[in-house]
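Read through the structure below, which is laid out as C-alpha cells, and then see the notes.
Order of appearance sets the numbers: ligands from 1, and atoms from 1 within every ligand.
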Amino acid sequence: MWRQLSGVARSGGNVNFCRMRGLSALVQDKALVDGAWVDSSNSKATFEVRNPANGALIGKVPNMTVADAQKAIDAAKQAYESKEWRSLTAKDRSNLLKKWHKLIEEHSQEIAEIMTAESGKPINESKGEVAYGNAFVEWFAEEARRIYGEIVPSAQPNREIIVMKQPIGVAALITPWNFPMAMITRKAGAALAAGCTVVVKPSEDTPLTALAVAKLAVDAGIPKGVINVVTTNKAAPIGDLFCKSPDVRGISFTGSTEVGKLLFRNSADGIKRICLELGGNAPFIVFDSANVEKAVDGAMASKFRNCGQTCVSANRFFVQDGVYNKFVEQLKKRVEALKIGDGQGCDVQIGPLINEMQFKKVSGFVEDARSKKANIILGGKPLSDKGALFYAPTIVTDVPPSAQLYTEEVFGPVVSIIRFRDEEEAVKKANDTRRGLAGYFYSENLQQVFRVAKRLEVGMVGVNEGIISAAEAPFGGVKESGVGREGSKHGIDDYVDIKYICMGNLQYD
Ligand code: ADP
C-alpha cells in the first residue's frame with residue numbers, strides 16, 4: 001500500500017525514513033521562528049515523532065524551550081508592527097492567504113501522507129482533513145476583505161460615531177493531534193485575515209503536519225515572523241509564557257477541558273482574548289420518528305471518524321424503545337464490517353489510537369462499564385495482533401449513568417447505548433452533563449425537530465446529520481465546552497478589537 005503513497009515510504013525500523021529517502025520535501029526537522037528554520041537553543045535538543053500504527057520513527061523535531069518561545073513571540077510582535085505586514089491592505093492579506101490555499105491544494109497528497117504517518121488517521125480521512133483544513137484558509141481569505149466597521153447615527157449634532165475593527169496583535173495558537181492541520185488553519189486563517197501575527201504550538205504527537213503547512217505559508221510569501229511554529233514536548237511552561245506575556249494579546253486553544261481551564265485561569269491577569277474549544281460529551285438521539293437507516297449512517301460517521309477521536313464525536317447514544325432493536329441490530333452489522341489497520345491502507349476505516357494514554361483511557365472506560373453491569377455486545381478488547389495501540393470497535397448497551405462512558409468523553413471507537421421512553425427523558429438525559437459542544441438527533445417529525453433542536457444545551461446541533469463541521473459554520477461550545485466560535489464570519493471576532501472613534505465638532509453648515 002505504501003507504494004501508492006508517493007511522499008512517505010514504508011518504515012523499516014527505527015529510521016527517519018522520510019528524510020533518508022528524501023521523499024517529501026515538506027517534512028521539516030526544524031521549527032519556524034522569524035522566517036528561519038531553527039533548532040532548539042537547548043543544545044539542539046529534539047523529540048521523536050512516531051507512527052502510532054507501528055511505533056516506527058518518522059522524524060525528530062526541535063524540543064524548543066521557553067526562551068525559544070519568547071523569541072517566537074518577539075518575532076511575531078516585530079512582524080505585527082512591521083510595514084511588511086501592517087501596511088498591507090485587506091486585499092493584500094487576502095491574496096497571500098489565497099496563495100497559501102493554492103499551495104496546500106497542490107501538496108494535499110503529501111500533507112495527507114504525513115498526517116496519516118504521525119496520527120494514524122486513515123489516509124482517506126487525512127485527505128478529507130486537508131480539504132477541510134484548507135477550506136478555512138480559503139474562507140478566511142474571502143472574509144479578510146469583509147471585516148467591516150460601522151457608522152452609527154449620533155444623537156448629538158456635529159458628531160459622527162465611527163466603529164472600526166482592528167487586529168488584536170500577536171495571538172498564540174495551541175492545537176491538538178486529532179486534527180493536525182485543520183485546527184491550525186481554522187485559527188491561523190482567521191488571525192491572519194484580521195491582520196494578527198501568530199505563534200503556533202502544535203501537539204507533540206503531530207508537529208510534522210504543522211511544520212509542513214507552515215512551510216507552504218512561507219513559500220506563499222507570507223512575511224517572516226507572521227507565522228511562527230514552536231515545537232516542544234514540554235507544553236506547560238510555554239503555555240504559561242503565552243498566558244503571562246503582555247505581548248501575546250490572545251490565546252486560541254483546542255484540546256482538553258483540563259488544560260483549557262488552566263489557560264483560562266492563567267490568562268486572567270493579562271485580560272487576554274481567549275477562545276477555547278474543549279471536550280464534548282455529544283448526545284446522539286434516535287427517536288421513534290427517525291429514519292433508522294439514516295440514523296445508522298450518521299452514527300457510523302459521527303462515531304468512527306478518526307477512530308472516535310474527535311471532540312464532536314457522538315459519545316452517548318440515546319435510542320427510543322420503538323426503534324431500539326432495529327437500530328442496535330443494524331449498527332452492529334455495520335461496526336462488524338469496519339476495516340481496521342494501518343491508516344496507510346487505502347480501504348482502512350479504523351486506525352490505531354493516538355498514544356498509550358488514550359489507549360489506557362478507552363480500555364479503562366470499557367472495563368469500568370463492564371464492572372457496572374453494562375452489556376458489551378461487540379468488541380471490548382485490544383487488538384494486539386494489529387499493533388499495541390489498536391482497540392476493537394465496541395458497542396456497549398445498558399450503560400448506567402454512573403459509568404465513565406456516560407459521564408466522560410471516551411475519545412475512542414466505543415458506542416455507548418442508552419434506551420429511553422419519551423422525548424422529555426431523552427432531552428433531560430442529553431443535557432445532563434457539564435459539557436455542551438455538539439449534539440445530534442434523528443427525527444422526521446418537524447415539530448419535534450424544532451422543539452429538541454432548541455432545547456439541547458450545545459453549541460452545534462446535527463439534525464438528521466452525523467457530520468456537521470464546515471468552514472462556513474460557527475464551531476464552538478457552551479457550558480464547559482468552551483468560549484468563542486471558529487470558522488464562519490464569527491471566527492474573526494476573537495482576533496479583532498472594536499474601536500469607537502468619536503468625530504466631534506464637525507462643521508456641517
Ligand atoms: P489531548 O488530551 O487532546 O492531548 P491536551 O489538552 O493535553 O489534549 O493537548 C492539546 C494541546 O495542548 C497540545 O498541543 C498540548 O501540547 C497542549 N498542552 C498540554 N498541556 C498544556 C499546558 N499546560 N499548557 C499549554 N498547552 C498545553
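Residue, atom and distance of the protein heavy atom nearest to atom 18 (N) of ligand 1 are Ala235 CB, 3.5 Å. For atom 20 (N) of ligand 1, the closest non-hydrogen atom of the protein is Val259 CG2, 3.6 Å. Taking atom 12 (O) of ligand 1 as the reference point, the nearest protein heavy-atom neighbour is Phe253 CE1, 3.2 Å. Closest protein heavy atom to atom 11 (C) of ligand 1: Thr175 O, 3.6 Å.
Within the listing of ligand 1, atoms 23 (N) sit less than 4.0 angstrom from a heavy atom of Leu262. Interface of Ile174 with ligand 1, defined as ligand atoms under 4.0 Å from a residue heavy atom, comprises 11 (C), 12 (O), 14 (O), 17 (C), 25 (C), 26 (N). The distance from ligand 1 to the heavy atoms of Gly239 drops below 4.0 Å at these ligand atoms: 24 (N), 25 (C). Atoms of ligand 1 found under 4.0 Å from any heavy atom of Lys201 (numbered from 1 in listed order, with element): 13 (C), 14 (O), 15 (C), 16 (O). In the vicinity of Pro202, heavy-atom distances shorter than 4.0 Å reach the ligand 1 atoms 14 (O).
Using cut-offs of 30° and 60° for the angle between ring planes, the Phe136 and Tyr132 rings count as perpendicular. Aromatic ring pairs are classed by plane angle as parallel below 30°, tilted from 30° to 60° and perpendicular above 60°; the pair Tyr406 and Phe318 is perpendicular.
Note on Arg273 versus Asp497: salt bridge recorded, some NZ/NE/NH1/NH2 to OD/OE distance being below 4.0 Å. Salt bridge annotation for Lys77-Asp247: present, with a cationic side-chain nitrogen under 4.0 angstrom from a carboxylate oxygen.
Glu258 CD: 12 or fewer foreign heavy atoms inside a 6.0 Å radius. A 6.0 Å sphere centred on NZ of Lys102 holds no more than 12 heavy atoms belonging to other residues, nucleotides or ligands.
Within the set Ser203, Cys311, Ser256, Ala236, the minimum heavy-atom distance to atom 6 (O) of ligand 1 is found for Ser256.
Distances between N or O atoms of Trp177 and those of ligand 1 include at least one value under 3.5 Å.
Val461 is not listed as a side-chain neighbour of Tyr440, based on a closest heavy-atom distance of 4.5 Å or more.
Inside a 4.0 Å radius of atom 8 (O) of ligand 1 there is at least one protein heavy atom.
A cation-pi arrangement is found for Lys121 relative to Phe179, the charged atom lying closer than 6.0 Å to the ring centre and inside a 45° cone about the ring normal.
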